[in-house]
Amino acid sequence: MSKTKPSLPRGTRDFGPKVMSKRSFIIDIIRKNFIKYGFAQIETPAMENLSVLTGKYGDEGDQLLYKILNSGDFLSKTSKEDIEKGSRHLMTGISEKGLRYDLTVPFARYVVMNQNEITFPFKRFQIQPVWRADRPQKGRYREFYQCDADIVGSKGLWNEIELTLLFTDVFCDLKLEDYIIKINHRALLFSLAESTGLKEQIIPFCAEIDKIDKMGEDKVAENIKAMGANDRQINELLSLFHENNKEIILERLINIGVSKKVISAINSYFDALAVHSNKKIKVALDLSLARGLSYYTGMIFEVKPTSVSMGSIGGGGRYDDLTGVFGLKGISGVGISFGLDRIYDVMQELKLFPQKIAGRLDVLIVHFSEENLKHAYGIVSGLRDKGIKAELYPETAKIKKQFDYSDKIGVPYTLIVGDNEMASGRYMLRDMQTGDQKPLKMDEIIHRLKQNGER
RNA sequence: GUGGUUGUAGCUCAGUUGGUUAGAGCGCCGGAUUGUGGUUCCGGAGGUCGCCGGUUCGAGACCGGUCUUCCACCCCA
């Protein structure tokens, strides 16, 4: 067999122990909060049938789907004509499965397939990787984790409020403060498009105003004009974006035809959040927020870091009829998603990871001789039985080498087992940070290590 | 998918208009130090210059392709 140079597909990564402990730090906080809010965990397969995935993410989304070649002689049922018709047509004959693109659509499929067992409202969370055949950049990967929480089968506004609080709690626990939750409502966007005379071009219209931050409003105004809006309509639109007072904005939106029901929902939403004044809720109405995913129908959310150049680190919204395409009508849902990999990148850039993320060990036992080593067998087990993460240096080696190892793995304490210790029954516990060491009895050692482990 | 950009030791990078045996710092290994790590000193290992092909007497350097990195579109977590 010829030797191959090891390599990884573009946009995918290995996670070593150091990175993994930081990723786990984030995941643990997200999971803990999901559970605190009463969500139940599920998992779905990495691959789904293409019939489930295609057509749910718009044309661009479909192109970003990873498709899996059929097994066996996948060309046997194709003809020359199929090949001549192009890869798009050919694909339908040779590929029936694809890697999931997000967690929401597989969840919708799950809900429909398990509708008889599910009690609504159903709250589920899911933390799994998704795959997109995108071109990688910073903060953009081909394999990345999403952490989703959705509530289906309930139209109550409390769900939106609760998810906003969930966003807030997670970022608070992460000590990530440089972010803003932007919210908007599809109905507002729709009315804006209508009053700008672009009712029929709602999607391109949204795509344009979504770019105001990036391209500036002059350029966007120009593009909207090219779509057919007149100067008066454009000025009207821009003046709305210039308005900072939320009440005035909402009032003007009523004037352009947004239903009072939607406006009062938005008002109730902000009022309810104001009640939770003990939390620092960083939420703002942003009329330019559009979001791409085509299935949102109500309120939409996006979490943007404010001091780091990075795309959104979370998002979500309400979808009234996601399960409809799978044959289950009338199930409304709302959900949010945390982008684990981007949260990691932001926290890394802002140096927000705690200095001491729980290490893999509480204590390492070092020794001077074969006899010491054997004597220590019982000590490690004893410590482990007490719930202490303990390791025994597994072979005789120079004590210097063993301390060197302790240093590198960053263990907070070493326990020294030598002839003196064996004779006295008191073992030398060394604090690797300060260098202080003291001969202690076993129960004192356990007490000390447990205290340190809980910190 | 379109356009650009990057690649030299484990890491960060030097390497003149193409010219002997490709360098540094950090890290790594060993020793100074046979019951004590982080400092210091001494010694050592480590490179098919991303990969394939071409031009040339001669390529790390030039050309083509490919993979990878990052960036701008597109889109998005």
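Proteins get letters first, then strands, A, B, ... in listed order; numbering begins at 1 in each. Quick caveat: nothing in here was measured; it's all calculated off a predicted structure.
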Remember a base hit wins even if backbone is also touched, and classify [X] as base, sugar-phosphate or nothing at under 4.0 Å, heavy atoms.
| X | answer |
| --- | --- |
| Tyr405(A) | nothing |
| Gln146(A) | sugar-phosphate |
| Leu340(A) | nothing |
| Lys211(A) | sugar-phosphate |
| Gly11(A) | sugar-phosphate |
| Met310(A) | nothing |
| Glu421(A) | base |
| Gly139(A) | base |
| Gln402(A) | nothing |

**Asked** Got a donor-acceptor contact below 3.5 angstrom from the Asn184(A) side chain to the Leu287(A) backbone?
**Response** yes
**Complete:** For RNA chain B, the expected dot-bracket line (Watson-Crick or G-U under 3.5 Å, [ ] crossing, | inter-strand) is ((((..(..((((.....[...)))).(((((.......))))).....(((((..]....))))))..))))....
**Asked** When the ring centroid of Phe338(A) is compared with that of Phe171(A), is the distance short of 6.0 Å?
**Response** yes
**Asked** Between Phe125(A) and Phe39(A), does the ring centroid distance fall short of 6.0 Å?
**Response** no
**Message:** For Glu371(A), is the CD atom crowded, meaning more than 12 foreign heavy atoms sit under 6.0 Å from it?
**Reply:** no
**Rounded C1' spacing from A32(B) to G18(B) in Å** = 46 Å
**P spacing across the pair G35(B) / G43(B), given as an integer number of angstrom** = 27 Å
**Asked** Considering heavy-atom distances to RNA chain B, does Ala133(A) or Asp431(A) have its closest nucleotide positioned more toward the 5' end?
**Response** Ala133(A)
**Fill in**
Of Lys398(A) and Leu8(A), the one whose nearest nucleotide on RNA chain B sits closer to the 5' end is Lys398(A)
Quiz question: going by heavy-atom distance under 3.5 Å, is there a donor-acceptor pair between the base of [N] and the side chain of [X]?
| X | N | value |
| --- | --- | --- |
| Asp404(A) | G38(B) | no |
| Arg140(A) | C71(B) | no |
| Gln433(A) | G37(B) | no |
| Arg135(A) | G3(B) | yes |

**Given C75(B), C71(B), U69(B), the nucleotide with the shortest approach to the side chain of Arg10(A)** = U69(B)
**Asked** Picking from G37(B), G35(B), C73(B), which would you name as closest to the side chain of Asp419(A)?
**Response** G35(B)
